[in-house]
Amino acid sequence: MPSSVTALGQARSSGPGMAPSTCCCSCCCSPAAVQRRLPILAWLPSYSLQWLKMDFVAGLSVGLTAIPQSLAYAEVAGLPPQYGLYTAFMGCFVYFFLGTSRDVTLGPTAIMSLLVSFYTFHEPAYAVLLAFLSGCIQLAMGVLRLGFLLDFISCPVIKGFTSAAAVTIGFGQIKNLLGLQNIPRQFFLQVYHTFLRIAETRVGDAVLGLVCMLLLLVLKLMRDHMPPVHPEMPPGVRLSRGLVWAATTARNALVVSFAALVAYSFEVTGYQPFILTGETAEGLPPVRIPPFSVTTANGTISFTEMVQDMGAGLAVVPLMGLLESIAVAKAFASQNNYRIDANQELLAIGLTNILGSLVSSYPVTGSFGRTAVNAQSGAALAAVIIMAVAPLFDTKIFRTLWRVKRLDLLPLCVTFLLCFWEMQYGILAGALVSLLILLHSAARPETKVSEGPVLVLQPASGLSFPAVEALREEILSRALEVSPPRCLVLECTHVCSIDYTVVLGLGELLQDFQKQGVALAFVGLQVPVLRVLLSADLKGFQYFSTLEEAEKHLRQEPGTQPYNIREDSVPDHKVALLKA
């Protein structure tokens, strides 16, 4: 669906199936459970025929855009052009019943097609089998409700990958724009050979490509700056603006049709200055099971060998398919004020890939605003990809991260640079760097220190076992390794849970303070943490409700007493909470 709110979207977003349920149903066959698995049951009863016109226009616009794109994406995947159409075939049927986003369209995308080209060796059988296996993995993740795992892939990693993909795909079309042939697909070799053979540029392809790029730019600017249509406008004005809107929305199809007409005109005259895509197989895709073996001139490649050949693609392709689809679904859901169910999206995209493999589809995903389009060859569709791929390269993210948190530039840059070598290495390295940053923040949490008669130290975040040693060293250096040793208050307002390693570390700290003849007191302990510390029976453990009480006691002022570790000395309201 386009990003504009459609009538169908309004009906779908109003149903309870759009948001994950907050409680577990006792029966998997209850009406609520069935609606979660079949969201169509939630929005269809409230659908109005008055909205059909808007949905028809939206569907027509998407269809006119998807046809040339699907042909184009097949070249990115290294497959014959008809496989792009096959891949666009199944998603609209499955997602209609199972999807929870009113905006997402499942089908071939530039990024997914690029990944497929890396792992399927330009062999349709490998691509179809990869769709089937990816769908099985995604479907299993949805059944097991593992959608939360996607949260561990940070935004800088995704941005780095998509930006690298934009450069890779965009530059990959320079050869088609210039009419160059037999250029290697590996990025660095592609750059080298393109500039090496720049003198072989075909004038006809270059001129047609530039003209198509100019047309796309003009139509896009018209679409972006066209004023909205108001009901009080004269019918003629509304009709003309509607025609302009339709033309600019379907600009990809119009430009491709224009280029095809120009090429046909030259073909009739017997002179053809352009490289053409050639014939595309006709008819609907045949329904058959995915190929679990391939017969070649050198013998038969078994299923096991095919899986080994695809290697890391069996992890990278399903993961990136989920990331791309759920990312765009969440973006549109936030913009249009509704929610999606990530686990239900896993089921939808997984089943789409499985059923799509029966009609010779390669892996699909949700489109980033129809991302970028490509062509098997020829300057017209190359122009379409170059113009459309530019938004994928997000230059603002670099400035934003520089202002917000410069450390996040590290996983972005690592992902971006390594993706030019191998996509899976870039994604893996970026995710690993993000994980290391996360672990470092957990192992070395920031602490706020307040100097005064009594030293107060407050961990700024949670306290987990990797952070105990760092906290111990800081406390020792500030309180016990100075002369004379100082009493200290550990303010634990931000600590919501602790484990056994933390308890041991705090027990050792209490012993160190007792040996030096000074006191360590705790303030702001939450009930779960207090319960654990009381259960550990730590010697010398002192807890105060407020910082003022702790400071008065440690300064040996009368009238303040700590809460001992005996339950009967803990205030009544604390006892009630501890026994809850």
Side-chain angles (χ1 to χ4, degrees), residues 441-580:
S441 63
R444 297 294 183 269
E446 295 183 3
T447 54
K448 180 180 178 181
V449 180
S450 299
E451 297 284 351
V454 176
L455 187 65
V456 180
L457 191 145
Q458 180 187 43
S461 59
L463 188 58
S464 55
F465 70 89
V468 171
E469 199 58 37
L471 179 66
R472 175 185 172 87
E473 292 177 0
E474 184 166 9
I475 291 176
L476 292 177
S477 64
R478 291 181 178 273
L480 300 185
E481 295 178 358
V482 296
S483 182
R486 304 176 62 185
C487 295
L488 181 136
V489 174
L490 191 59
E491 217 285 350
C492 301
T493 303
H494 300 298
V495 179
C496 58
S497 65
I498 58 175
D499 52 41
Y500 180 68
T501 305
V502 175
V503 172
L504 288 180
L506 294 178
E508 293 174 357
L509 277 174
L510 288 171
Q511 294 177 8
D512 293 337
F513 273 81
Q514 289 176 349
K515 291 177 181 178
Q516 295 286 345
V518 290
L520 169 63
F522 294 81
V523 169
L525 291 172
Q526 299 185 29
V527 172
V529 178
L530 180 58
R531 182 185 293 117
V532 172
L533 292 176
L534 290 175
S535 301
D537 196 19
L538 298 177
K539 184 179 181 181
F541 174 65
Q542 299 181 96
Y543 164 69
F544 296 86
S545 293
T546 65
L547 181 60
E548 291 77 11
E549 291 181 0
E551 290 179 336
K552 287 181 180 180
H553 176 76
L554 295 181
R555 289 199 303 265
Q556 302 300 319
E557 294 186 14
T560 56
Q561 294 295 327
Y563 300 127
N564 298 323
I565 63 173
R566 300 190 317 274
E567 186 177 287
D568 57 3
S569 66
V570 180
D572 293 338
H573 70 283
K574 292 292 185 181
V575 173
L577 289 172
L578 292 172
K579 289 183 176 180

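Predicted model only: the values in this text are computed from it and were never measured.
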Please report the C-alpha distance between Val468 and Leu504 in whole Å, then the side-chain angles of each, then the deciding distance to 0.1 Å, and finally whether the side-chain contact (heavy atoms from CB on, under 4.5 Å) criterion is met.
CA-CA 9 Å; Val468 171; Leu504 288 180; over 6 Å; no

Listed pairs under 3.5 Å, donor-acceptor, residues 492-499 side chains, sequence neighbours left out:
from	atom 1	to	atom 2	distance (Å)
Thr493	OG1	Glu491	OE1	2.7
Thr493	OG1	Glu491	OE2	2.5
Asp499	OD1	Thr501	N	3.2
Asp499	OD1	Val502	N	3.0
Asp499	OD2	Phe465	N	3.3

Can you measure from [atom1] ([X]) to [atom2] ([Y]) and round to the nearest 0.5 angstrom?
X      : Y      : atom1 : atom2 : value
Leu525 : Leu534 : CG    : CG    : 8.5 Å
Cys487 : Glu551 : SG    : CD    : 11.0 Å
Leu471 : Leu457 : CG    : CG    : 6.0 Å
Leu547 : Gln458 : CG    : CD    : 9.0 Å
Leu506 : Leu533 : CG    : CG    : 6.5 Å

Between Ala443 and Ala470, what is the shortest heavy-atom contact and its length?
O-CB, 3.8 Å

Do you know which two heavy atoms are closest between Ala479 and Leu488, and how far apart they sit?
CB-CD1, 4.1 Å

Please set out all donor-acceptor pairs under 3.5 angstrom arising from side-chain atoms of residues 510-521, sequence neighbours excluded.
from	atom 1	to	atom 2	distance (Å)
Asp512	OD2	Arg472	NH1	3.1
Asp512	OD2	Arg472	NH2	2.9
Gln514	NE2	Lys539	O	3.4

Residues Glu548 and Lys552 bridged, charged N to O under 4.0 Å
no

By side-chain hydrogen bond (donor to acceptor under 3.5 Å, both in side chains), which residues pair with Glu451, not counting sequence neighbours?
Arg486

Any side-chain heavy atom of [X] within less than 4.5 Å of one from [Y]?
X      : Y      : result
Leu455 : Val449 : yes
Val503 : Val532 : yes
Val489 : Leu554 : yes

Go through the steps for Phe522 and Phe541 under the test ring pair (Phe, Tyr, Trp, His ring centres under 6.0 Å), then give the verdict.
CA-CA 8 Å; Phe522 294 81; Phe541 174 65; 5.3 Å; yes

Checking Thr447 against Glu474: is there a side-chain donor and acceptor pair closer than 3.5 Å?
yes

